[in-house]
Amino acid sequence: MTGPAAEPHPTKADHAYLRVKELILSGELPPASVIAQARLARDIGISTTPLREALRRLKSEGLVELDAHRDARVAPLAAEEARDLLELRRSLDPLAVALAAERRTKADIAAMRAAAQGLEPLPGNPAYEHLVAHRTFHRALYSASHNDLLIQTLDSLWDKADRYRRLALEAERGQDARDRKTAEHEALVELVIAGDAEGAAAVMRRHIDTSLGAQAAWRLLGDDGEAATRKE
């Protein structure tokens, strides 16, 4: 009898993909900036071939633009994308926590409590680790839905949304706003654990409607866009 298949070893392209994604999401490679491929490959410690492979993967995720002349740049922020992300999350995140309240397991509860431990509102210039902590928290919530397609969809939205969160954080948030987000995080965990699907969905809708992603969409769309995104 054979044992379980060994995990594939990460390739140079995998390493480049993770590193460049970190540079983009941390803001070190800003939106619309040109990617100096030879220098970046040297900094990462690889050749340009695996870097190009990584860039093609990031292009498929909407984080990088490549043209026929092999030039590359970080994808710019766009008002329409910010709006689209907000509309999707308004529908999908409440659904995910409602399902989580019905389907959560003991392991899910432990993961949610661990992810919530010490979670703080994002600072004005968040490090990559701060963004990862928030992603880990929200992923613990929506993973408890046990709906694989929903989980995959929300996973695919998260990296794009992080760039708009960083834009919104350029405007200083007051302590009251930060405290509200902390209270919402705590309420989401307790409502899901208690099995209150309707309550969890209602809190999540408020959470999304006042989220950094929503603020970024309103900023990019202007007053008319704010009214449109808030319209029921």
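Throughout, numbering of the chain's residues begins at 1 and tracks the sequence.
Ala171 pairs by the side chain to side chain contact (heavy atoms under 4.5 Å, CB included) definition with nothing, not counting sequence neighbours. For Glu190, the salt bridge (charged side-chain N to carboxylate O under 4.0 Å, His left out) criterion is met by Arg113, not counting sequence neighbours. For Arg180, there are no side chain to side chain donor-acceptor pair (under 3.5 Å) partners two or more places apart in sequence or in a different chain. Remark: Arg139 pairs with Ser143, Asp155 by the side chain to side chain donor-acceptor pair (under 3.5 Å) rule, at least two apart or across chains. With sequence neighbours excluded, the residues that form a salt bridge (charged side-chain N to carboxylate O under 4.0 Å, His left out) with Glu61 are Lys21. Considering only residues two or more places apart in sequence or on other chains, Glu80 meets the salt bridge (charged side-chain N to carboxylate O under 4.0 Å, His left out) condition with none of them. For the salt bridge (charged side-chain N to carboxylate O under 4.0 Å, His left out) test, no residue two or more places apart in sequence or in another chain qualifies with Glu129.
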### Message
Could you walk me through whether Asp209 and Arg206 satisfy the salt bridge (Lys or Arg N to Asp or Glu O under 4.0 Å) test, starting with their C-alpha distance in whole Å, then the side-chain angles of each, then the deciding distance to 0.1 Å, before giving a yes or no?
### Response
CA-CA 5 Å; Asp209 281 344; Arg206 291 197 301 272; over 6 Å; no

### Val189 vs Phe137, side chain to side chain contact (heavy atoms under 4.5 Å, CB included): CA-CA, chis, key distance, verdict
CA-CA 10 Å; Val189 171; Phe137 172 77; 3.5 Å; yes

### Query
Glu184 and Thr210: side chain to side chain contact (heavy atoms under 4.5 Å, CB included), yes or no, with the steps?
CA-CA 11 Å; Glu184 288 169 0; Thr210 58; 4.2 Å; yes

### Task
Give the C-alpha distance, both sets of side-chain angles, the deciding distance and a yes or no for side chain to side chain contact (heavy atoms under 4.5 Å, CB included) between Ile35 and Val64.
CA-CA 9 Å; Ile35 298 174; Val64 164; 4.2 Å; yes

#### Entry: Verdict with reasoning, Glu81 to Lys160, per side chain to side chain contact (heavy atoms under 4.5 Å, CB included)
CA-CA 9 Å; Glu81 183 178 58; Lys160 288 184 180 182; 3.5 Å; yes

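Atom-to-atom distance recorded for Arg89:CZ and Ile208:CD1 is 3.5 Å, nearest 0.5 angstrom. Rounding to the nearest 0.5 Å places CG of Leu55 at 14.0 Å from CZ of Arg73. Note that the CD atom of Glu22 and the CG atom of Asp159 stand 11.5 Å from one another [nearest 0.5 Å]. How far CG of Asp93 is from NE2 of His207: 8.5 Å, rounded to the nearest 0.5 Å. Here the CG atom belonging to Asp108 is positioned 10.0 Å from the CG atom belonging to Leu141, to the nearest 0.5 angstrom. Put simply, CG on Asn147 and OG1 on Thr153 are 8.0 Å apart, with the number rounded to the nearest 0.5 Å.
Residues Leu95 and Leu154 fall within the same hydrophobic cluster, defined by Ile, Leu, Val, Met, Phe, Trp and Tyr side chains chained together at heavy-atom separations under 4.5 Å. Grouping the Ile, Leu, Val, Met, Phe, Trp and Tyr side chains by contacts below 4.5 angstrom, directly or via other members, places Leu77 with Leu157. If you chain together hydrophobic residues whose side chains sit under 4.5 Å apart, Ile24 and Tyr17 fall into the same group. Hydrophobic clustering (ILVMFWY, side-chain heavy atoms < 4.5 Å, transitive): Leu58 and Leu40 are in one cluster. Cluster annotation: Leu191 and Leu92 are assigned to distinct hydrophobic clusters (Ile/Leu/Val/Met/Phe/Trp/Tyr, side-chain heavy-atom contacts under 4.5 Å, transitive).
Applying the ring-ring contact (aromatic ring centres under 6.0 Å, His included) test to every pair with at least one member in residues 144-181, sequence neighbours left out, gives these pairs: His138-Trp158. Residues in residues 71-115 take part in no ring-ring contact (aromatic ring centres under 6.0 Å, His included) pair, two or more places apart or across chains. Sorted by first and then second residue, the ring-ring contact (aromatic ring centres under 6.0 Å, His included) pairs involving residues 87-131 (not counting sequence neighbours) form an empty list. Residue pairs meeting the salt bridge (charged side-chain N to carboxylate O under 4.0 Å, His left out) criterion with at least one partner in residues 36-57, sequence neighbours excluded, are Asp14-Arg57. The ring-ring contact (aromatic ring centres under 6.0 Å, His included) analysis of residues 75-101, with sequence neighbours excluded, yields no pairs.
Closest of all the heavy-atom pairs between Leu212 and Ala168 is O-CB, 3.2 Å. The two atoms that bring Ser211 and Lys181 nearest to each other are N-NZ, 4.0 Å, heavy atoms only. Between Arg83 and Leu221, the shortest heavy-atom contact is CB-CD1, 3.8 Å. Leu220 and Ala82 get closest at one heavy-atom pair: CD1-CB, 4.0 Å. Of all the heavy atoms in Val192 and Val97, the pair that sits closest is CG2-O, 3.9 Å. Closest of all the heavy-atom pairs between Ala72 and Leu66 is CB-CD2, 3.4 Å.
The environment of Gln175 atom CD is dense: over 12 non-hydrogen atoms of other residues, nucleotides or ligands sit within 6.0 angstrom.
Between the side chain of Arg104 and the main chain of Ile193, a donor-acceptor pair closer than 3.5 Å is present. In this structure, the side chain of Arg219 engages the main chain of Leu167 through a donor-acceptor pair within 3.5 Å. A donor-acceptor pair under 3.5 Å links the side-chain atoms of Arg166 to the main chain of Leu25, judged by distance alone. A donor-acceptor distance shorter than 3.5 angstrom exists from the side chain of Arg103 to the backbone of Ser145, with no hydrogens or angles considered. Arg163 places no side-chain N or O within donor-acceptor distance of the main-chain N or O of Pro31, the cut-off being under 3.5 Å.
By the 4.5 Å heavy-atom criterion applied to side chains, His15 and Pro10 are not counted as neighbours. The shortest distance between side-chain heavy atoms of Leu169 and Pro126 falls below 4.5 Å. Using a 4.5 Å cut-off on side-chain heavy atoms (C-beta onward), Thr11 and Pro50 make no contact.
Salt bridge status for Glu120 with Arg178: absent, with no side-chain N to carboxylate O gap under 4.0 Å.
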